[in-house]
Amino acid sequence: MSQPTIVVVGNGMVGYKFCEKLVSRSAQFNIIVFGEESRIAYDRVHLSEYFNGKSADDLSLSTLSWYADNGIALHLDDPIQEINRIDKTVHSLKGTVIKYDYLVLATGSSPFVPNIEGIEKNGVFVYRTIEDLDLIRDYAANAKVGAVMGGGLLGLEAAKALIDLGIKETHVIEFAPRLMPRQIDSAGSAMLQSKLKQFGLSIHLNKSTSEIAGDDKIEFLKFNDDTSLMVDMLVISAGIRPRDELAKLAGLQTSSRGGIMVNEKMQTSDECIFAIGECALYNSMIYGLVAPGYEMADIVVAYLTGGDKFFYGYDMSTKLKLIGVDVASFGDAFVTEPECRTIVFEDTHKGIYKRINISNDGKYLLGGILVGEAEAYNILLQTVNNKILLPPNPEDLILGSRGGEGVEGAGLMSLPDDALICSCEAVSKLAICSAVNEGASGIDDIKKCTKAGTGCGGCVPLVKDLIAGTMKANGQYVKNVICEHFDYSRQELFDMVKINKLKNYDLVLDHFGKGDGCEVCKPAVASILSSLWNDVIVKQDTIQDSNDRYLANIQKGGTYSVVPRIPGGEITPDKLIVIGQVAKRYGLYTKITGGQRIDMFGAHVNDLPAIWEELIDAGFESGHAYGKSLRTVKSCVGSTWCRYGLHDSVSFAIEIEERYKGVRSPHKLKGGVSGCVRECAEAQAKDFGIIATEKGWNLYVCGNGGSKPQHAQLLATDIDSATCIKYLDRFLMFYIKTADPLTRTATWLNKMDGGIAYLKNVIINNSLDINEQLEEEMQDLVNTYHCEWKEVVENDELRKRFVHFINAPEEKDPAIKFEPMREQIKAKW
Amino acid sequence: METILDIEWVLACYADDVPANGGACVKHGNEQIAIYNFVRRGEWYATQNLCPHKQQMVLSRGMIGSEGDSCEPKVACPFHKKTFSLLSGECLSGDEFQIKTYPVRVEDGKVYIGIV
């Protein structure tokens with residue numbers, strides 16, 4: 001049997017979504033799409049971003065190759081003119097005739113243009129397609145005063161577009177007594193209006209336009225109340241009209257007020273023809289949002305692929321950001337007493353209005369309105385849709401937590417499994433939780449495997465909370481407490497130790513812990529103490545990991561390795577000779593490390609102080625290779641020798657390594673500086689990486705080599721050296737203060753809510769207002785630097801600790817044995 | 001003090017030599033014994049110095065602490081953080097290892113280990 005042919009009329013968001021859903025579920029169909037516009041489907045919801053830097057390509061939902069790859073024949077710029085229901089054929093403008101088995105009408109809507117005198121004049125536009133936007137942009141270049149007719153959702157979007165285009169004076173003219181009459185009430189509208197005024201919008205309510213006046217181009221608007229307004233251009237956004245003319249022509253049932261009538265399977269009066277999206281009229285309703293359009297597409301796909309799913313109307317709750325103001329409306333927003341009880345919160349200072357309608361018995365949330373702050377929208381909507389029992393004080397829902405637990409997180413996990421979290425893609429709570437249980441750990445993972453959050457994006461905060469909640473329920477990180485002895489996260493403990501000025505482990509344990517400590521909390525507290533007070537760590541040697549206790553890295557067999565600091569990898573021949581002599585004298589194996597320095601292996605613990613005495617005499621310092629602290633700042637040779645080098649990367653690497661040497665952190669830190677974009681220092685694989693540009697440096701942070709390599713992310717571009725160090729001070733100190741124990745910067749960033757954008761905001765925009773403090777704290781650490789090995793070498797009491805047998809200090813561990821390998825030694829064990 | 005049955009009390013080191021809340025290694029013939037000065041609890045412990053996991057002579061360099069509600073004293077090997085009870089020598093990290101423990105007595109600032 002040949003494949004049934006499906007013709008889709010319309011290549012808007014819903015038409016495209018239909019194709020996407022169909023090909024993902026079945027390869028049985030021959031799909032042909034006809035679109036009126038010359039572009040492939042694009043995101044009309046975010047159309048105003050076109051004036052905000054997004055290109056038509058950015059807004060595009062797909063690519064031409066996607067259609068080709070999925071075997072879909074796409075006819076752009078070629079609207080269908082006629083449907084012959086008897087032959088089951090469609091006829092396009094360019095003369096193509098196709099025989100269909102099923103026909104899907106996704107013709108969308110057109111802007112409603114009221115019949116006002118002068119409507120045809122130049123300077124009057126509608127707001128629907130990218131072409132409309134191009135026309136508006138061109139005209140706006142010479143316009144000073146603009147107006148939008150219609151104060152609904154789309155009208156306010158259009159007003160924002162005019163502001164973005166640099167129109168100095170923008171007016172919104174609304175016929176109704178309030179803005180967004182379909183979504184919000186009068187009080188909400190008043191609040192929105194006062195917020196919008198701050199953004200320079202003039203709002204005129206109760207205004208009916210009687211004439212668009214001017215010689216061939218618009219010059220002013222005349223209103224029914226005999227007032228008028230001078231304007232240079234006008235955008236009409238007075239509602240939509242379903243595109244049903246083709247259906248009407250074909251004799252399908254349409255409504256006199258517009259719309260192709262469909263049943264719950266989205267079938268029109270011809271059972272082989274479906275209508276979806278804004279052209280479809282179900283139960284006397286046109287659904288002018290994208291989510292219900294997607295749902296309709298899903299229902300037709302289900303029908304065609306043998307499923308059985310029906311449309312019974314759709315929740316028109318919505319949340320959006322209008323010119324920087326959050327507006328949301330959900331459930332039954334307008335129900336009033338005595339059918340319900342209403343709780344209203346108004347803060348005219350901050351411009352916040354919240355209203356919730358609850359059932360008379362106080363048990364259920366019916367709906368509500370949020371203006372100015374809509375963070376609670378998702379959970380409130382879920383509370384309505386899932387008929388979740390309200391808490392005894394339902395006002396907490398809009399007033400937020402006042403000292404107690406946050407409402408948002410608490411209610412979320414109690415949602416039923418089938419609660420719809422992402423309405424655009426119809427993803428349930430169960431689907432998201434299952435994905436997390438199968439290993440997805442971030443919003444990006446969830447987007448990839450469930451598609452949740454990929455539509456309007458409104459559910460993303462909810463999805464994030466759900467991920468965190470599920471992980472928490474699985475015990476994946478329950479409040480990140482340090483260990484059984486401390487019921488605090490590292491960050492909390494850090495602050496408590498600081499405030500109470502505690503300087504040793506036992507005091508910290510007595511104040512905030514229980515039991516006798518362990519191998520987890522001891523080094524964690526040791527790290528905190530070092531980051532705060534920068535005292536000599538061997539004074540509290542028994543709370544340090546073995547490496548920190550002996551200031552050297554323990555190796556197979558129980559010997560230690562010795563790594564002097566070689567900043568930036570630059571070393572004089574004399575110093576190289578000293579390293580050679582020391583290694584020879586103490587029988588050490590030598591190797592160049594990945595961090596551009598020299599490691600000497602096989603030292604007996606007894607020999608460490610003597611080895612270091614010689615190194616320090618020659619001008620070396622501890623390299624902190626044993627510590628959770630700065631290791632090296634790797635550099636390429638830079639502009640002093642390299643013919644490509646833009647700046648002196650070696651000098652800068654040395655400066656930075658000298659600055660942060662000895663600073664203790666939650667985990668080791670590595671840096672890199674490259675003198676040009678060729679990136680020979682591999683700076684983008686480091687915790688911080690600096691790459692020379694023509695104008696300065698680019699600063700990257702939170703990269704990692706290791707078992708899970710991760711490229712560093714760009715924090716700042718083209719900054720000078722002083723700014724670079726300032727940002728590094730802030731970044732490193734912020735990491736030191738807030739990361740969990742043994743968490744590298746990459747993981748720390750991965751776990752950070754808001755990711756690099758949030759980090760940028762903290763480091764560059766000072767969003768937490770802590771940068772001055774961070775810089776001071778880092779400067780304190782820099783000022784209190786000391787070479788740990790110098791302290792030991794010069795202190796007989798400390799030197800005494802470097803023995804293997806306490807009762808035979810001269811004797812070395814007889815268990816340690818070496819065997820020869822390539823003219824050096826290796827551990828035998 | 002008298003010698004009880006066949007335990008021989010051997011002078012191992014001076015109490016001052018063993019760092020507070022940490023360990024040190026003593027040589028007893030060909031044996032290496034780790035001694036722990038658990039100041040926080042006012043207790044002393046001794047075990048073999050060899051970690052049975054990777055056969056390394058390092059337990060005396062490990063961190064000591066406690067585990068669970070019963071506050072079982074323990075030492076963590078610095079190599080791979082296997083932990084052992086200082087009371088029973090049992091491995092607490094879920095492996096089938098057992099280390100030798102020794103009784104300890106401290107008198108006049110001297111530390112004695114009981115060798116069976």
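In what follows, chains carry the letters A, B, and so on, assigned in the order in which the sequence lines appear, proteins first and then strands, with residues in each chain numbered from 1. Both backbone and side-chain heavy atoms feed into the values below; hydrogens, waters and symmetry mates do not. Because the structure is a prediction, the values reported are computed rather than measured.
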Under 4.5 Å from any heavy atom of chain B - which part of [X]:
X	answer
E519(A)	both
I543(A)	backbone
E797(A)	neither
Q540(A)	neither
V605(A)	side chain
Y505(A)	neither

Distance-only donor-acceptor hits, side chain of residues 62-70 of chain B, under 3.5 Å, sequence neighbours excluded:
unit_1, atom_1, unit_2, atom_2, d
S66(B), OG, H485(A), NE2, 3.4
S66(B), OG, D516(A), N, 2.9
E67(B), OE1, K74(B), NZ, 3.4

Non-hydrogen atoms of chain A under 4.5 Å away: do they reach the side chain of S60(B), the backbone, both or neither?
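The backbone, not the side chain.
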List in chain and number order the residues that pass salt bridge (charged side-chain N to carboxylate O under 4.0 Å, His left out) with D607(A), two or more places apart in sequence or in another chain; answer none if no residue qualifies.
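D607(A) satisfies salt bridge (charged side-chain N to carboxylate O under 4.0 Å, His left out) with K812(A) once adjacent residues are dropped.
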Selection from V803(A), D541(A), L509(A), N547(A) maximising heavy-atom pairs under 4.5 Å formed with chain B
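Of the options given, most contacts go to L509(A).
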Is any residue of residues 39-50 of chain B within less than 4.5 Å of chain A by heavy atoms, and which ones?
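Listed by number: R40(B), R41(B), N49(B).
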If contact means a heavy atom pair closer than 4.5 Å, which residues of residues 14-26 of chain B contact chain A?
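Those residues of residues 14-26 of chain B which have a heavy atom under 4.5 Å from chain A are D17(B), P19(B), A20(B), N21(B), G22(B), G23(B), A24(B), C25(B), V26(B).
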Heavy atoms from other residues, nucleotides or ligands near CD of E819(A) exceed 12 (cutoff 6.0 Å):
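Result for CD/E819(A): enclosed.
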Given side chains that start at C-beta, do those of [X] and [Y] come closer than 4.5 Å, heavy atoms only?
X	Y	result
K81(B)	V520(A)	no
Q32(B)	H804(A)	yes
I554(A)	R61(B)	yes

Hey, is the main chain of K27(B) close enough, under 3.5 Å, to the side chain of N807(A) for a donor-acceptor pair?
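Answer holds: yes.
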